[in-house]
Amino acid sequence: MRNYRFLINEQFQANSIAEDLRVQLDVNRYNHVNILSVDNRNEVLVQVFESSGGAEETVETFMQDYQKGIIIE
């Protein structure tokens with residue numbers, strides 16, 4: 001499992017971005033991804049299972065325009 005912590009740019013709200021990411025992953029049928037928004041830190045936490053290589057790429061591509069930084073654990 002891979003954990004991502006996306007630090008969201010100030011002009012966006014983490015809760016809204018997390019919801020949009022959920023929709024995108026549902027459209028692509030990636031069901032084994034956990035998403036949590038941390039509003040007080042304006043971060044989106046994402047857990048992707050290792051076997052979901054396509055899901056990782058989708059998450060990283062989607063978040064490119066919204067993040068100011070990323071921490072991968």
Side-chain angles (χ1 to χ4, degrees):
M1 183 179 319
R2 182 166 282 177
N3 297 311
Y4 295 89
R5 232 173 91 197
F6 292 99
L7 311 172
I8 306 300
N9 286 324
E10 285 79 27
Q11 69 258 31
F12 303 109
Q13 293 182 347
N15 190 33
S16 176
I17 300 300
E19 193 58 39
D20 291 346
L21 179 57
R22 280 186 194 98
V23 170
Q24 180 66 43
L25 291 171
D26 285 344
V27 166
N28 289 312
R29 297 186 177 148
Y30 294 123
N31 300 323
H32 300 293
V33 179
N34 295 324
I35 303 168
L36 176 69
S37 66
V38 183
D39 292 330
N40 61 342
R41 294 190 306 205
N42 207 29
E43 295 179 356
V44 175
L45 307 176
V46 181
Q47 282 185 322
V48 180
F49 294 96
E50 289 293 334
S51 62
S52 301
E56 285 184 25
E57 185 177 331
T58 300
V59 168
E60 290 175 1
T61 301
F62 180 87
M63 294 302 292
Q64 259 181 344
D65 295 333
Y66 302 112
Q67 69 183 13
K68 65 179 179 181
I70 181 174
I71 300 169
I72 301 174
E73 302 171 342

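Numbering of residues begins at 1 and proceeds along the displayed sequence. FYI, side chains are in, hydrogens and waters are out, and symmetry mates aren't considered; it's all heavy atoms of this structure.
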Engineer: Following the transitive rule for hydrophobic clusters with a side-chain heavy-atom cut-off under 4.5 Å over Ile, Leu, Val, Met, Phe, Trp and Tyr, establish whether Tyr30 and Val48 coincide in one cluster.
Structural biologist: yes
Engineer: Can you check whether Gln13's main-chain N or O pairs, donor with acceptor, with Asp39's side chain at less than 3.5 Å?
Structural biologist: no
Engineer: Side chains of Val46 and Val33: does their closest heavy-atom pair fall under 4.5 Å?
Structural biologist: yes
Engineer: Once you round to the nearest 0.5 Å, how far does CD of Glu60 lie from CZ of Phe6?
Structural biologist: 6.0 Å
Engineer: With a 4.5 Å cut-off on side-chain heavy atoms, are Met63 and Ile70 touching?
Structural biologist: no
Engineer: Less than 3.5 Å apart, which donor and acceptor atoms pair up between the side chains of residues 18-25 and the rest of the protein, not counting sequence neighbours?
Structural biologist:
from: Glu19; atom 1: OE1; to: Arg22; atom 2: NH1; distance (Å): 3.2
from: Arg22; atom 1: NH2; to: Ile35; atom 2: O; distance (Å): 2.9

Engineer: Within this structure, what is the CD1-CD distance for the pair Ile8 and Gln67, rounded to the nearest 0.5 Å?
Structural biologist: 7.0 Å
Engineer: Transitively linked via ILVMFWY side-chain contacts under 4.5 Å: Val38 with Ile72?
Structural biologist: no
Engineer: For Phe49 and His32, work out which heavy atoms get closest and say how close.
Structural biologist: CD1-O, 2.6 Å
Engineer: Kindly compute the distance separating CE (Met1) from CG (Asn34), expressed to the nearest 0.5 Å.
Structural biologist: 7.0 Å
Engineer: So do Gln47 and Leu36 actually touch side chain to side chain, heavy atoms under 4.5 Å?
Structural biologist: no
Engineer: Has Asn42 got a side-chain atom pairing as donor or acceptor with Asn9's backbone, closer than 3.5 angstrom?
Structural biologist: yes
Engineer: Please state whether the rings of Phe62 and Tyr66 are parallel, tilted or perpendicular, taking 30° and 60° as the class boundaries.
Structural biologist: tilted
